[in-house]
Amino acid sequence: MSSAPATEAIVATGLTKGFGEGAARTTAVNAVDLVAHFGEILFIVGPSGSGKTTLLSLLSGILRPDAGKVWVGGNDIWSLSKDDLADFRLNTIGFVFQDYHLFPRLTSAENVAIPLILKHEDWNDALAAARESLAIVGLKDRAEVLPVKLSGGEQQRVAIARAIIGAPRILVLDEPTASLDGDTGRMIIAFVKQKILDRNRCIVIVTHDARINEYADRIVHMEDGRIVSANGRHA
Ligand SMILES: Nc1ncnc2c1ncn2[C@@H]1O[C@H](COP(=O)(O)OP(=O)(O)O)[C@@H](O)[C@H]1O
Ligand SMILES: [Mg+2]
């Protein structure tokens, strides 16, 4: 690992989330403590069903925990008002969903512009910014194309361009290589690490794809909703 990043981007303590009632109840995330730092790319790995997506959702302000706290930039995010939480999601965290969540009837540029539209920016300014963001991920020439015309790797990059358009300090990717072949998946992660990670940013990647482990600064393992061991700095 390179020089130790100093600042904590995310601090989670005692995070717990269950689904269902009675005998059918499952504890998807069970008393998880986790720290992610600025300047690092943190991998959360574990088998399917181990609670990775649920944990990311709790950290990102998408899903409210049953217990525990998430601190981001000194804010206890789950004590924010509904409006402040929405602002937090819009300004501080970029989330790349496992299946991209691109709108099929919108072009690449329109998809990427959405966060700025939600911030009430002018449509033309937002589209211009979207084209710049697409250029960063190497898709300048695909701005006017609908998602159906894009390869899986290109759709993944459009989703990344959309996640970074507002320059969030934290970027979260859920299984970013799941639908990609090995080479494309590695290219995407290498790209994210080289172009997007800097000492003011924190990247959290959930994966069960061992082929990309070499890009992690630190890896934590999940099993049955718990973090079972940490590699490198203690989680
Ligand atoms: N919305 C939900 N409703 C009910 N059960 C869920 C829901 N989301 C996740 N689970 C359950 O929680 C556990 C962890 O799921 P998940 O966080 O998706 O794991 P992973 O991303 O590691 O595959 C699984 O048993 C899953 O079935
Ligand atoms: Mg998942």
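Whatever order the structure lists them in is the order used to number ligands and atoms, beginning at 1. Quick caveat, the model's predicted, so the values are computed rather than measured.
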Lys17 side chain vs Ala28 backbone, donor-acceptor pair below 3.5 Å: no
Main-chain N/O of Arg142 paired with Ser108 side-chain donor or acceptor, under 3.5 Å: yes
Geometric N/O contact Ser50 with ligand 1, under 3.5 angstrom: yes
Protein non-hydrogen atom below 4.0 angstrom of atom 13 (C) of ligand 1 present: yes
Heavy atom of protein closer than 4.0 angstrom to atom 3 (N) of ligand 1: yes
Can a salt bridge be assigned to the pair [X] and [Y] using a cut-off of 4.0 Å between side-chain N and carboxylate O?
X      : Y      : answer
Glu144 : Arg131 : yes
Lys149 : Asp141 : no
Arg186 : Glu214 : yes
Arg226 : Asp224 : no

Pair Thr177-Asp209, side chain to side chain donor-acceptor pair (under 3.5 Å): steps then yes or no: CA-CA 7 Å; Thr177 61; Asp209 183 354; 2.8 Å; yes
Ser48: numbered ligand 1 atoms lying under 4.0 Å from its heavy atoms: 23 (O)
Atoms of ligand 1 close to Ala28 [distance to a heavy atom under 4.0 angstrom, numbered from 1]: 12 (O), 13 (C), 14 (C)
Candidates Leu134, Leu102, Val96 - the one meeting side-chain contact (heavy atoms from CB on, under 4.5 Å) with Arg162: Leu102
Suppose we measure from [atom] to each protein heavy atom; which comes out shortest, and what is that distance?
atom                    : value
atom 6 (C) of ligand 1  : Phe19 CD1, 3.2 Å
atom 18 (O) of ligand 1 : Thr53 CB, 3.8 Å
atom 24 (C) of ligand 1 : Gly49 O, 3.9 Å
atom 19 (O) of ligand 1 : Gly51 N, 3.1 Å
atom 17 (O) of ligand 1 : Thr54 OG1, 2.5 Å

Near the Mg ion (ligand 2) (under 2.8 Å) - protein N, O or S atoms: Thr53 OG1
From CA spacing to verdict: side-chain contact (heavy atoms from CB on, under 4.5 Å), Gln156, Leu180: CA-CA 9 Å; Gln156 181 65 273; Leu180 306 176; 4.2 Å; yes
Mutual orientation of the aromatic rings belonging to Phe97 and Phe95 [parallel < 30°, tilted 30-60°, perpendicular > 60°]: tilted
Ligand 1 contacted by Pro47 (non-hydrogen, < 4.0 Å): yes
CA sep, side-chain torsions, deciding dist, call: Asp33, Thr13, side chain to side chain donor-acceptor pair (under 3.5 Å): CA-CA 4 Å; Asp33 299 330; Thr13 56; 5.3 Å; no
